[in-house]
Amino acid sequence: MSSKGTVLKPGTPAPHFELKLSRDKKISLKDYIGRKVILVFYPADFSPVCSDQLALYNELLPEFRRYNAEVVAISVDSVWSHKAFAKDRKISFPLLSDFEPKGAVSKLYGVYKEQSGYSERALFIIDEEGIIQWSYVSPTNVNPGADGILKTLEELESKKK
Amino acid sequence: MSNQGKSSLALPVGSRDHMLGSKDALITLVEYGDYECPHCKAAHEVLKRVLGELGGKVLFVFRHFPISTVHPNAKTAAEAAEAAASQGRFWEMHNILFENQDSLDIDSIKRYATTLNMNLQRFEKELLEHVHSQRVREDFMSGVRSGVNGTPTFFINGTRYWGAITVDSLTKALEGVLKTIPTRKE
């Protein structure tokens, strides 16, 4: 099953997932119903670009929460790698492990790179009802920043009014 | 709705900014930086030379972009620069902070302040009460809105500079922009 060219687009219901946060704790997309989710797929723990990217999102959590949005990040790394990475970089949002079967959730969202075995560097904003409102795939070595996320959150907020 | 290619300065340079150089300069160079970031310290050394060579042609502006999860003292350092700024000593403190990047804890910063001929009581009070945290956050958010994703990030006349941060590259880029600006009528 290849995921090429099938990155999920706005308007699509976000596929359900439940992934490990730690050895004995799982997190499901359903846990976030009623809140927006900024879903961040990234290639690997400890690679220089994503470190900056996730550090930036960590710094912006108060801003995101003003829009009732939480950050959830996913890579194919194991829970042990995530644990070490989160501790080292003081990341306070969940890093989920798309480890077994490898890349299954990344594939559902159309952001798994079969050739390299990593997830793309991709962003999704899922609204309170579980519908994808924005998606963006960045070149793997480019940190996409946060202006696209904030712009989308603002637009969603102004639509409500 | 994509942020691809967005690379311009969301908050134009204005009176709130810390500026170094002539306000009549043809080029404005804005840096988003973090006092505890080693790449920013390297850039600081590069800038001293570049600005020295280009003399009055460039106006340099520094804005704060502290990533506190990676650099635990970065916010305090940024607030210290602002507290010094409120007594007219921004650039002096700015230089000291980069030159002492490995010791940016609050006690060290207080010690640096004693060398700057300031009202120390006021400086320490502002630092401890986080009087300038809002200002630092404004800088940070203006960077985020301009697509800044790490430090240092530079903008030349409002457009993001993607090149290497070396004396050669930066000088060439600035001279390149200078050439595109028609010389003023004598």
Side-chain angles (χ1 to χ4, degrees), chain A residues 7 9-11 38 40 42 46-64 66 71 73 85-93 95 121-125 132-139 141-156 158-159, chain B residues 1-11 32-40 42-43 63-79 130 133-134 136-155 158-165:
Chain A
V7 179
K9 293 279 178 285
I38 300 160
V40 181
Y42 66 102
F46 295 106
S47 82
V49 177
C50 22
S51 316
D52 284 346
Q53 185 191 359
L54 298 188
L56 180 66
Y57 297 165
N58 203 75
E59 198 70 46
L60 285 166
L61 282 175
E63 242 67 39
F64 295 152
R66 281 173 42 205
V71 176
F85 183 56
K87 191 178 170 203
D88 185 64
R89 306 292 157 92
K90 300 183 186 66
I91 292 167
S92 55
F93 50 79
L95 304 177
R121 193 175 297 285
L123 300 169
F124 293 87
I125 293 181
I132 294 171
Q133 292 292 346
W134 182 72
S135 62
Y136 178 75
V137 179
S138 178
N141 57 353
V142 177
N143 173 348
D147 51 324
I149 297 174
L150 284 168
K151 215 173 130 204
T152 306
L153 292 175
E154 267 174 15
E155 281 170 9
L156 291 174
S158 63
K159 266 189 214 164
Chain B
M1 292 256 286
S2 154
N3 59 351
Q4 198 169 19
K6 188 178 175 214
S7 57
S8 58
L9 202 57
L11 177 67
Y32 280 92
D34 171 328
Y35 292 115
E36 215 175 356
C37 153
H39 304 292
C40 296
R63 289 178 178 169
H64 305 290
F65 202 82
I67 305 267
S68 49
T69 44
V70 190
H71 303 134
N73 296 313
K75 257 184 204 161
T76 306
E79 290 178 25
H130 299 287
S133 64
Q134 187 60 32
V136 170
R137 191 69 178 174
E138 277 167 25
D139 274 14
F140 180 81
M141 289 310 297
S142 77
V144 171
R145 302 315 294 252
S146 310
V148 174
N149 46 14
T151 53
T153 294
F154 289 92
F155 293 84
T159 301
R160 181 143 176 185
Y161 169 70
W162 293 97
I165 300 166

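Letters A, B, ... are given to chains in the order of the sequence lines, protein chains preceding strands, and every chain is numbered from 1. Computed from heavy atoms alone, side chains included, the values below leave out hydrogens, waters and symmetry copies. All of these numbers come straight from a predicted model, not from anything done at the bench.
- Separation of atoms OG1 (Thr151(B)) and CG (Asp52(A)) is listed at 7.0 Å; rounding is to 0.5 Å.
- Distance check, rounded to the nearest 0.5 Å: OG1 of Thr69(B) to CD of Glu59(A) gives 5.5 Å.
- Of the two parts of Pro66(B), only the backbone, made up of N, CA, C and O, holds a non-hydrogen atom closer than 4.5 Å to a non-hydrogen atom of chain A.
- With a 4.5 Å cut-off on side-chain heavy atoms, Val144(B) and Glu63(A) do not count as touching.
- For the pair Val70(B)/Lys90(A), no side-chain contact is recorded, criterion being any heavy-atom separation below 4.5 Å from C-beta on.
- Residues Ile67(B) and Leu56(A) have side chains in contact (heavy-atom distance under 4.5 Å, counting atoms from C-beta outward).
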